[in-house]
> 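I am attaching a structure below and will ask some questions about it afterwards.
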Number of protein chains: 2
Amino acid sequence: MKRPTINDVARAAGVSRGAVSYALNGRPGVSEATRRRILSAAEALGFHADSAARALAGAPSRTVGLSLYRPASTLGVEPFFMELISGLEAELSLRSYALLLHMVADRGQEAAVYRRWSRERAVDGVLVCDLLEEDPRLPLLRELGLPTVVVGPPPVGGAVAGVWSDDAVSLREAVEYLAALGHRRIGHVAGIPGLAHTRVRTDAFAALARRLGLEVASCAYTDYTGPAGARATRELLDVADRPTALLYDNDIMAVAGLAAAQELGLSVPGDLSVVAWDDSPVCRIVHPALTALTRDIPAYGRQAARLLLAAVDGRPAADVAAEVAHLTPRASTAAPADGRP
Amino acid sequence: MKRPTINDVARAAGVSRGAVSYALNGRPGVSEATRRRILSAAEALGFHADSAARALAGAPSRTVGLSLYRPASTLGVEPFFMELISGLEAELSLRSYALLLHMVADRGQEAAVYRRWSRERAVDGVLVCDLLEEDPRLPLLRELGLPTVVVGPPPVGGAVAGVWSDDAVSLREAVEYLAALGHRRIGHVAGIPGLAHTRVRTDAFAALARRLGLEVASCAYTDYTGPAGARATRELLDVADRPTALLYDNDIMAVAGLAAAQELGLSVPGDLSVVAWDDSPVCRIVHPALTALTRDIPAYGRQAARLLLAAVDGRPAADVAAEVAHLTPRASTAAPADGRP
DNA sequence: CTGAAAGCGCTTACAG
DNA sequence: CTGAAAGCGCTTACAG
């Protein structure tokens, strides 16, 4: 009851091993009739090529790697990654690719992981998340020759392709919505400074605030955790001309901010409007339900997987614009109480 | 600038390839002095054995597999899995093991994944989560000869080892705490029926309710999502002698239940006490903050990884009792308003 | 304690 | 369009 090998298939189909390999890999070198005979023999035997042997002979490993840097404090905080991974998987499965996941506790380890993956030929390509401005991983991956796709805004140089949901557009939609309600003082509880997509959002916010002539356009950075979101909320509200609306860079901070505002005696949305970036079940559960920027994260993952597989195949991988997050108004936003235009 | 192979190391150390292999894998067959010389030569060259070649020659793949069945609706709902994975990774990294992750949309696919992993020798062992009573995966994995560890209550037969946090103990702690506060009518918003750990919890609840002589001990099943939690809440409360306390099998449902109760005009904890199973940032953020059963999920993952690696090494793998979840009282629980004993 | 040799199961030029 | 052969980089009995 041993696993069938390529020899068994060759014998069953009455051809050489080479022919079987060509047929199975969809390469030229066998006639259509022979190919069909070989495929059905393989099917009948339940043959699947040994991945180690395939890899050793120079074929791709059919595996892509995702290395995630997560400090203990933000672990499991955001549903984003589980949803992203599910999208990645859905697409990778279609092509019989596997996902090798690695979580590291500090950024230095990521370089070691990439080096090992490369040396051992464990993966054919790599997905990079949470890109830093001037991210050191990119030159390393380039040096290692590992096909790479960025999940998030691609670096300006264009050296590596990315799947990118244009956060500037989403930010404008949210802030213009608040402005249309009458808000003139708006705060932004941003994510981690130094991350490329944080930069995109804060830049877009600053530019739009100028264009709209907002009275107050304040910003506070966080580490995406609930406590940081609460702290930023208190900080932004503890001023003379406090904002009448706050935009949070994730759902967990928006919920924490909602609670913090209520503790300060502010009613939402009466005294303060709250918007969350990235919708999640939590946004719909709290009271008032949170107005949120919604997007299809699994779809985002599927696109990233497709782009990476294209890069792995050597096809030109151009940046892909994913669906832009759009605003889902709920009960946490309203016209400001002070009624100023 | 090619990667160094075992030949390069052998040449540098002045020994045969076989000696290098023995030295690197910590097997007998080389003297201590030679071993050291070989190791430093390998270190100097930056040599890491090619994983495909190693696997093809019969060595373990140094990879373990985790296949997760997640219906789209519960995707990313629970922080549990990200935390579990982080714990798994922490331990696997120490042993230079990788984690192959596969998410499937239906249960039938899981069998196919295990068969493929086995045929291709892609993994040395498998972690199984969300065990069903009479889970068909277990006999399959046994037939495939894949070392397996269950994350959760191990099956009664003892055919496969598990890492298990004794939920019956935690359930008793929570319910006895509620009873001590004076609650005599308690409801349990349980998870998915048919899951082994759901069964452990509902059985423990029924037994304890009998022992305590509770007036009401009702139970509703869910799929772990917020809407299901809200629905179960309304269902359990829509009776003459409604419960004065509800225990929820996850955090997201507890938050949804809190909101649903408030919509029904009930105050928490005045009219209804709420307890969440598995603590998370969300529990601390909402108002009132939720009393929760807390445990160290990454630690749970680390234990599971250690157990699986033991099984992979052929060491006897006995069930491991992980830390029991303990109650963290917060503002969502209090004595019942009706004051009945 | 060491070295030479076979073999793991594929892929891919290369010659027919 | 097909077949025989080399080779990918290791591991592991086996003989010294």
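Chain letters run A, B, ... following the sequence lines, proteins first, then strands; residues in each count from 1. In what follows, every heavy atom counts, from backbone to side chain, and hydrogens, waters and symmetry copies are set aside.
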> Could you state the CZ-P distance from A/R121 to D/dG7, rounded to the nearest angstrom?
16 Å

> If you check every side-chain atom of B/S16, which of C/dG3, C/dG9, C/dT2 has the closest atom?
C/dG3

> For A/P147, enumerate each residue passing the side chain to side chain contact (heavy atoms under 4.5 Å, CB included) test, keeping only those at least two apart in sequence or located in another chain.
A/A311, A/V312

> From CD of A/E32 over to C1' of D/dT2, roughly how many Å is that when rounded to an integer?
16 Å

> Sequence neighbours excluded and cut-off under 3.5 Å, please list the side-chain donor-acceptor pairs for residues 22-30 of chain A, or say none.
| from | atom 1 | to | atom 2 | distance (Å) |
| --- | --- | --- | --- | --- |
| A/N25 | ND2 | A/S21 | O | 2.9 |
| A/N25 | ND2 | A/S21 | OG | 3.4 |

> For residues 299-308 of chain B, which side-chain N or O atoms pair as donor and acceptor with protein atoms under 3.5 Å away, sequence neighbours left out?
| from | atom 1 | to | atom 2 | distance (Å) |
| --- | --- | --- | --- | --- |
| B/Y300 | OH | B/V163 | O | 3.2 |
| B/R306 | NH1 | B/E91 | OE1 | 3.0 |

> Quick check for you: among D/dG9, C/dG3, C/dC1, whose closest atom lies nearest to any side-chain atom of B/S31?
C/dC1

> Could you state the atom-to-atom distance from CZ of B/R36 to P of C/dC1 in whole Å?
13 Å

> Atom CG of B/N7 to atom P of C/dG3: distance rounded to whole Å?
14 Å

> OP1 or OP2 of C/dC1 less than 4.0 angstrom from a side-chain nitrogen or oxygen of B/T34, does that happen here?
no

> Do any N or O atoms from the side chain of B/D124 and from the backbone of B/R62 form a donor-acceptor pair under 3.5 angstrom?
yes

> In whole angstrom, what separates B/R11's CZ from D/dG9's C1'?
13 Å

> Are the side chain of A/R36 and the backbone N or O of A/S31 linked by a donor-acceptor pair below 3.5 Å?
no

> Please enumerate all residues that pass side chain to side chain contact (heavy atoms under 4.5 Å, CB included) together with A/E43, with sequence neighbours excluded.
none

> Expressed as a whole number of angstroms, how long is the span from B/D8:CG to D/dG9:P?
10 Å

> Are B/R37 and B/V15 close enough that some pair of their side-chain heavy atoms sits under 4.5 Å apart?
yes

> Specify the separation, in whole Å, of atom NE2 of A/H48 and atom C1' of C/dG9.
15 Å

> Defining pairs by Watson-Crick or G-U wobble geometry with both distances under 3.5 Å, how would you list the stems of DNA chain D with at least three pairs each?
C:1-3 with D:14-16, C:5-12 with D:5-12, C:14-16 with D:1-3

> In the 5'-to-3' direction, what one-character label does each nucleotide of nucleotides 11-16 of chain D receive under the scheme B = base within less than 4.0 Å of a protein heavy atom, S = sugar-phosphate only, - = no such atom?
BBB---

> Would you kindly give the CG-to-C1' distance between A/L56 and C/dG9, to the nearest whole Å?
9 Å

> Would you say A/R142 has more than 12 foreign heavy atoms packed within less than 6.0 Å of its CZ?
no

> Are A/D50 and B/R121 ion-paired here, with the side-chain N under 4.0 Å from a carboxylate O?
yes

